[in-house]
S.K.: 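Pasting a structure here, questions to come.
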Amino acid sequence: MGEMMSKVKVSTTINGDPVEYLCDAEETLLDVLRDHLGLTGAKEGCGTGDCGACSVVVDGRVVCSCLVLGAEAEGRKVTTVEGLATGDRLHPLQQKFLEFAALQCGVCTPGFLVAAKALLDRNPDPTETEIRFGLAGNLCRCTGYDKIVRAVQAAAAEMRKG
Amino acid sequence: MRYEAPTTAKEAVRLMAGKAGMARVLAGGTDLLVQIRTDRIAPDLIVDIKRIAGMRSIMTKSGGFRIGAAVSGAELGEHKALRRAWPGVVEAANLIGSIQIQSRATMGGNLCNASPAADSVPALVAAGATAVIVGPRGRRSLPVEDVAVAPGRTSLKKGEIVEAIVLPKRAPRSGDAYLRFIPRSEMDIAVVGAGVSLTLDRNGVCTAARVALGAVAERVILVPDAAKALIGSTVDQAALERLAAAASAACRPIDDKRGTKKFRIKVAGVLARRAARTALARAQGK
Ligand SMILES: Cc1cc2nc3c(=O)[nH]c(=O)nc-3n(C[C@H](O)[C@H](O)[C@H](O)COP(=O)(O)OP(=O)(O)OC[C@H]3O[C@@H](n4cnc5c(N)ncnc54)[C@H](O)[C@@H]3O)c2cc1C
Ligand code: FES
Ligand code: FES
């Protein structure tokens with residue numbers, strides 16, 4: 001056993017696909033996504049839950065993947081930014097982020113997209129205040145947030161049209 | 001480090017009580033994993049309680065509520081009956097962190113992390129909540145104010161786990177509220193927090209009250225003198241001034257980068273008064 005003891009075997013679902021991996025007990029879900037599974041969309045900005053760059057959805061709720069252990073994903077459903085587009089078609093949020101220039105360096109963008117999608121899934125017609133509160137866990141050092149808010153509003157309007 | 005995710009409280013206690021060296025409960029991980037990642041602690045064993053069914057649910061119990069220790073802030077906020085009965089407790093728990101943090105953070109973790117600035121704790125203390133603790137020698141109940149003893153230290157013994165938090169049955173014409181002061185509107189640690197719960201009789205006279213303060217001492221404190229200022233009054237201006245004075249008098253804060261002693265003492269009175277006004281309005285059904 002020795003060797004095997006410290007590794008945890010995990011079966012989970014990521015962006016709709018069944019995935020299995022072995023991880024160390026101390027590895028975070030963010031480590032697993034980036035280092036074991038090659039899903040580098042989620043970023044590590046702080047590693048302590050403050051910046052939201054690592055946001056992913058687990059069982060319908062948006063979380064900081066830097067504060068989730070890889071082992072905890074057993075049997076859960078995980079959605080990352082890589083799961084937003086359908087084939088070549090970008091998600092309306094991704095499209096509007098491009099159109100509204102809601103990113104500069106882009107490090108925060110995957111986290112904003114995942115958090116914004118989670119927000120719109122629960123509240124398809126948020127006010128500007130609701131958007132700002134809903135995204136308060138995501139930090140951006142470049143844009144000043146305004147363009148991000150406009151992009152989310154535009155995407156929400158488009159998604160409501162269906 | 002070893003990770004275990006038992007499915008029963010009994011198994012969780014057995015793991016926690018075993019001689020594994022340093023063992024820690026993992027609820028939402030929003031304190032624990034930060035502490036591990038910043039090398040402040042290095043547990044040998046982590047026991048994830050989120051797969052224990054009895055710790056995942058909110059149940060009504062003799063007119064009150066039994067909130068499992070693994071229930072997240074987001075789940076509390078979505079529970080209508082709980083929000084109606086204890087709006088102050090729910091608003092306090094929902095102040096913790098961002099949406100991402102709310103998806104994970106629990107009141108049990110907030111309590112057992114034993115920060116004097118923990119937001120949900122003054123509201124729970126004001127509410128008269130009890131912690132149900134399960135351990136190697138069975139179950140016991142403890143008033144929430146007796147769980148934390150000093151920053152980062154609880155009165156829990158080896159192998160003990162908070163299984164649930166119980167909120168008592170609400171008397172008619174009752175209300176509670178929690179307020180904190182932070183320099184920004186989201187994502188910060190309380191400089192002062194104040195929780196108030198009160199009950200009125202048919203004539204609008206206060207018959208019962210509890211007042212608790214956060215971030216003004218080494219742990220969250222219950223302030224009986226502040227409650228006494230309300231009891232027997234109609235929670236009028238004079239009573240509120242006496243409450244504020246009693247709240248300020250009970251503070252024994254520290255100076256730090258978030259606020260000076262003097263500031264904390266003053267703000268504790270102001271927040272306690274404002275929280276009492278909101279609790280009053282809620283008790284009056286406004
Ligand atoms: C970005 C960010 C913002 C935050 N903002 C706030 C805020 O505004 N206000 C605030 O009060 N806090 C805040 N916090 C701190 C933290 O989110 C809260 O204290 C939260 O309630 C902890 O709950 P948890 O379930 O995540 O606890 P965990 O991290 O799982 O556990 C915390 C501690 O308690 C122990 N523990 C947990 N559950 C139990 C149990 N049932 N029995 C025995 N021991 C247990 C753990 O072993 C650990 O030592 C913030 C944290 C972050 C990362
Ligand atoms: S990297 Fe997870 S919140 Fe910053
Ligand atoms: S675009 Fe650079 S941090 Fe947001």
Side-chain angles (χ1 to χ4, degrees), chain A residues 4-10 23-31 42 44 46-76 111-112 114-116 118-119 121-123 129-139, chain B residues 1-7 15 20 22-51 56 70-78 94-106 109 182 184-189:
Chain A
M4 291 301 295
M5 279 293 283
S6 57
K7 292 274 182 194
V8 188
K9 183 169 177 292
V10 177
C23 67
D24 292 330
E26 42 273 279
E27 277 183 298
T28 65
L29 179 59
L30 179 63
D31 296 333
E44 177 158 327
C46 63
T48 51
D50 295 293
C51 78
C54 62
S55 297
V56 303
V57 172
V58 177
D59 284 358
R61 294 197 190 271
V62 60
V63 299
C64 297
S65 62
C66 71
L67 294 186
V68 177
L69 293 176
E72 291 184 67
E74 172 67 35
R76 309 285 188 210
F112 268 103
V114 167
L119 171 69
D121 284 347
R122 268 161 210 280
N123 180 0
T129 306
E130 285 168 339
I131 293 174
R132 288 187 186 270
F133 268 95
L135 299 179
N138 295 78
L139 301 183
Chain B
M1 188 173 101
R2 191 155 68 97
Y3 168 88
E4 295 288 347
T7 54
L15 286 162
M22 187 202 252
R24 280 284 185 276
V25 170
L26 170 69
T30 59
D31 281 315
L32 184 69
L33 297 183
V34 173
Q35 288 157 12
I36 293 174
R37 291 176 63 82
T38 53
D39 293 325
R40 270 177 284 167
I41 57 168
D44 301 289
L45 171 68
I46 283 208
V47 179
D48 184 352
I49 57 170
K50 291 191 293 300
R51 311 248 171 198
R56 296 270 330 128
V71 171
S72 68
E75 289 163 339
L76 291 172
E78 288 162 11
N94 285 169
L95 279 175
I96 298 171
S98 58
I99 307 287
Q100 285 89 332
I101 299 297
Q102 280 291 309
S103 300
R104 302 260 299 165
T106 65
I182 56 172
R184 54 197 290 239
S185 58
E186 268 273 81
M187 298 284 286
D188 210 340
I189 297 171

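Below, chains carry the letters A, B, ... as their sequence lines are ordered, and counting in each starts from 1. Note that this is a predicted model, so its numbers are computed, not measured.
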S.K.: Taking only Lys NZ, Arg NE, NH1 and NH2, and the carboxylate oxygens of Asp or Glu, determine whether B/Glu75 and B/Lys50 approach each other closer than 4.0 Å.
M.R.: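 Salt bridge: no.
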S.K.: Looking at A/Asp59 and A/Arg76, would you say the former's side chain and the latter's main chain have a donor-acceptor pair under 3.5 Å?
M.R.: no
S.K.: Is it the side chain or the backbone of A/Val68 that comes within 4.5 Å of chain B heavy atoms, both, or neither?
M.R.: both
S.K.: Please determine, among A/Val63, A/Thr48, A/Leu119, the option with the most heavy-atom pairs under 4.5 Å with chain B.
M.R.: A/Val63
S.K.: Just one of B/Asp44, B/Ile46, B/Leu45 clears the side chain to side chain contact (heavy atoms under 4.5 Å, CB included) bar with B/Met1, so which one?
M.R.: B/Ile46
S.K.: Side chain, backbone, both or neither: which part of A/Leu69 has a non-hydrogen atom closer than 4.5 Å to chain B?
M.R.: both
S.K.: Please look at B/Leu32 and chain A and tell me whether the side chain, the backbone, both or neither of the residue comes under 4.5 angstrom of a heavy atom of that chain.
M.R.: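 Contact with chain A involves no heavy atom of B/Leu32 at all.
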S.K.: Quick check on B/Glu4 against chain A: is it the side chain, the backbone, both or neither that has a heavy atom closer than 4.5 Å?
M.R.: neither
S.K.: Side chain of B/Arg2, backbone of A/Ala25: donor and acceptor closer than 3.5 Å?
M.R.: no
S.K.: Check B/Ala105 against B/Ile96 and note the closest heavy-atom contact, atom names and distance.
M.R.: CB-CG2, 4.0 Å
